[in-house]
Number of protein chains: 2
Amino acid sequence: MDPGLRIYLESTLKEVSIDCVIFGFHAGELKVLLLKWKGIDGWSLPGGRIYLEESVNEAAVRILQERTGLKEIFLQQFYTFGSNDRYKNMDVEALVKKLEWAFGSDFYDEKYIKRNVSLGYMALVEFEQVVATPDWYTDECMWCEISAVPKLLFDHNEMIEVALKALRRQLSYQPIGYNLLPEKFTMPELQRLYETILGKQLDRRNFQKLMLSYDILEKLPEKRTGGAFKAPFLYRFDKEKYDRAMQEEILFAV
Amino acid sequence: MDPGLRIYLESTLKEVSIDCVIFGFHAGELKVLLLKWKGIDGWSLPGGRIYLEESVNEAAVRILQERTGLKEIFLQQFYTFGSNDRYKNMDVEALVKKLEWAFGSDFYDEKYIKRNVSLGYMALVEFEQVVATPDWYTDECMWCEISAVPKLLFDHNEMIEVALKALRRQLSYQPIGYNLLPEKFTMPELQRLYETILGKQLDRRNFQKLMLSYDILEKLPEKRTGGAFKAPFLYRFDKEKYDRAMQEEILFAV
DNA sequence: AGGCCAATGCGTAAAAACTACACAATATTA
DNA sequence: TAATATTGTGTAGTTTTTACGCATTGGCCT
């Protein structure tokens with residue numbers, strides 16, 4: 001067994017762990033970051049454990065940074081999962097056996113495989129900036145389109161659904177986009193982000209009116225060229241006003 | 001040490017516990033249920049631990065029932081608290097000493113006093129129906145008006161604030177009242193509940209129009225007499241429609 | 001018993017927000 | 001240089017929200 005892993009396991013909380021639904025936006029698609037486990041044929045959300053001396057939020061920030069290289073981005077708790085049947089759809093015996101095979105028999109106390117409370121965090125990240133990195137248990141990363149997520153290990157499919165629901169609700173009282181889009185973006189790009197998250201089409205003109213009315217965008221003199229059509233203006237978030245809107249939680253009627 | 005307590009401690013998770021913000025509504029005031037600890041001069045929220053074989057939601061239901069006698073009421077997770085400085089404002093040494101004095105030296109592993117993740121649940125209960133019952137650690141219950149909550153143990157003051165914020169937000173997309181009001185109630189009573197939770201005055205006529213438009217109320221032929229004024233009609237929630245509205249999470253613009 | 005008071009029941013007009021479209025402008029490509 | 005796809009802006013109609021008026025009524029006071 002990897003000595004680093006051993007130290008990690010021994011210096012972290014046993015009964016609680018963190019799982020992150022990391023949303024990225026690319027090519028008009030909303031995606032989540034998945035990891036493929038070593039030794040077994042299964043994918044899961046990135047996750048990790050909490051060191052004894054850190055807060056759960058600090059742990060979430062650390063885990064996210066370890067997986068994506070990113071810090072200081074949108075990251076927040078959305079639900080805590082603690083069913084005692086979180087593994088009901090899985091062959092736990094087989095899983096434990098395979099994990100033993102992969103990591104040694106003291107990998108996990110079986111008790112904690114079966115009984116674990118998981119704090120769900122969701123993150124919104126700028127797709128291009130992410131350097132996806134596997135962890136001890138996994139050897140492969142994948143950005144998976146939200147509508148094409150395969151059957152995941154544990155209750156991670158449910159977690160994604162709950163996270164998406166929370167994200168959609170969030171859209172109605174907080175602006176979103178700061179961490180999902182590049183610094184400069186066009187109005188149609190912002191609209192596509194909203195449409196993707198909400199899963200429905202929005203009227204171009206009304207959307208623009210609404211977004212501008214929130215007074216969190218700064219219109220730049222530049223335009224984005226490159227397409228065979230009229231060049232759209234670039235915008236950027238006014239961070240100060242954006243943060244104020246996040247704080248105030250004004251109702252955004254999207 | 002109480003043998004029941006010992007069994008309880010040994011058969012529950014150690015690192016995670018549950019704290020409940022139990023809201024009640026009485027005499028036009030929103031109140032929370034508080035417990036006074038044995039041995040030390042401090043109040044806290046009702047809480048408890050999670051048995052190995054139950055889900056966290058089941059544990060919350062059980063804890064709530066133990067404290068209030070009520071089941072099948074509005075109860076939901078609102079946040080999970082896991083700061084490593086949840087006790088920063090407290091003299092932990094003194095607390096542990098007093099707890100030892102009260103419960104025996106093996107009351108708690110000091111480690112778990114200092115490092116504990118707490119799942120915050122909030123409940124809305126019908127004040128009159130509650131039979132408040134202390135637990136092992138406490139010997140007194142009190143309904144405390146929300147604006148007059150004293151300094152509580154741990155980070156429980158913060159918990160109440162977060163719960164109240166979550167409750168206010170909830171009001172905008174789910175009906176509230178079914179578990180906070182008696183079966184039959186008048187429109188002004190319902191309005192007072194909303195005003196109390198939201199902390200602001202609402203227009204009587206617009207409120208009535210709004211509530212009726214949601215189509216979750218059933219107007220009864222009876223009136224409430226007793227005051228020196230026109231007797232208001234009684235209403236009652238149409239449980240089926242109410243539940244449907246809860247499910248659909250339609251936006252309620254209060 | 002009858003008038004007074006305080007609170008309710010019901011209604012309407014103005015303001016604001018939202019929705020649905022129409023048409024001109026403009027980078028690229030053929 | 002014309003064709004095309006897409007953006008920029010405006011406006012009218014509809015719905016929702018807000019603000020407020022006035023008649024009604026159960027109990028209390030005289």
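Naming convention: chains lettered A, B, ... in sequence-line order (proteins, then strands); numbering from 1 in each chain.
- With distances taken from any side-chain atom of A:Pro188 to the nucleotides D:dT7, D:dT18, D:dC20, the minimum falls on D:dT7.
- Among C:dC21, C:dA7, D:dG21, the nucleotide with an atom closest to any side-chain atom of B:Arg205 is D:dG21.
- Distance from the side chain of B:Ala228 is smallest to D:dC28 among D:dC28, D:dT18, D:dT7.
- Mapping B:Arg204 and B:Lys209 onto DNA chain D by nearest heavy atom places B:Lys209 at the nucleotide closer to the 5' end.
- Positionally, the nearest nucleotide of DNA chain C for B:Pro232 lies more toward the 5' end than for the other of A:Leu210 and B:Pro232.
- Taking atom CD of A:Glu222 as the reference point, atom P of C:dA27 lies 15 Å away to the nearest angstrom.
- When the P atom of D:dT7 is taken as reference, atom CG of A:Leu202 falls 14 Å away, rounded to whole Å.
- We find that CZ of B:Phe233 is positioned 19 Å from P of C:dA7, with the value rounded to whole Å.
- When the P atom of D:dA2 is taken as reference, atom CZ of A:Phe229 falls 23 Å away, rounded to whole Å.
- For A:Lys223, a side-chain nitrogen or oxygen approaches OP1 or OP2 of C:dA27 to under 4.0 Å.
- Residue A:Asp203 contributes atom CG, which lies 15 Å from atom C1' of D:dG13 at whole-angstrom precision.
- Phosphate contact (OP1/OP2 of D:dT9, side-chain N/O of A:Gln208, threshold under 4.0 Å): present.
- Around atom OH of B:Tyr194, more than 12 heavy atoms belonging to other residues, nucleotides or ligands sit under 6.0 Å away.
- One finds a side-chain N or O of A:Lys219 lying less than 4.0 angstrom from the OP1 or OP2 phosphate oxygen of D:dT9.
- Atom C1' of nucleotide D:dT17 and atom OH of B:Tyr214 are separated by 11 Å, given to the nearest angstrom.
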Point to revise | Residue pair B:Trp37, B:Phe154: steps toward the ring-ring contact (aromatic ring centres under 6.0 Å, His included) verdict | key: CA-CA 12 Å; B:Trp37 283 48; B:Phe154 317 110; 5.6 Å; yes

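- Taking the ring centre of A:Tyr235 as origin, the terminal cationic atom of A:Lys184 falls outside the region bounded by 6.0 Å and 45° from the ring axis.
- In the model, A:Tyr178 has no side-chain atom that pairs as donor or acceptor with a side-chain atom of A:Asp243 under 3.5 Å.
- Closest to the side chain of A:Asn206, out of C:dT12, C:dA7, C:dT19, is C:dT19.
- For C:dT8, its base sits under 3.5 Å from the side chain of B:Lys230 at one donor and acceptor pair at least.
- Summarising the local packing, CD of B:Gln76 is surrounded by more than 12 heavy atoms from other residues, nucleotides or ligands at distances under 6.0 Å.
- As rounded to whole Å, 12 Å separates atom C1' of C:dT19 from atom NZ of A:Lys200.
- Atom pair B:Arg224:CZ and C:dA7:C1' shows a separation of 14 Å (rounding to whole Å applied).
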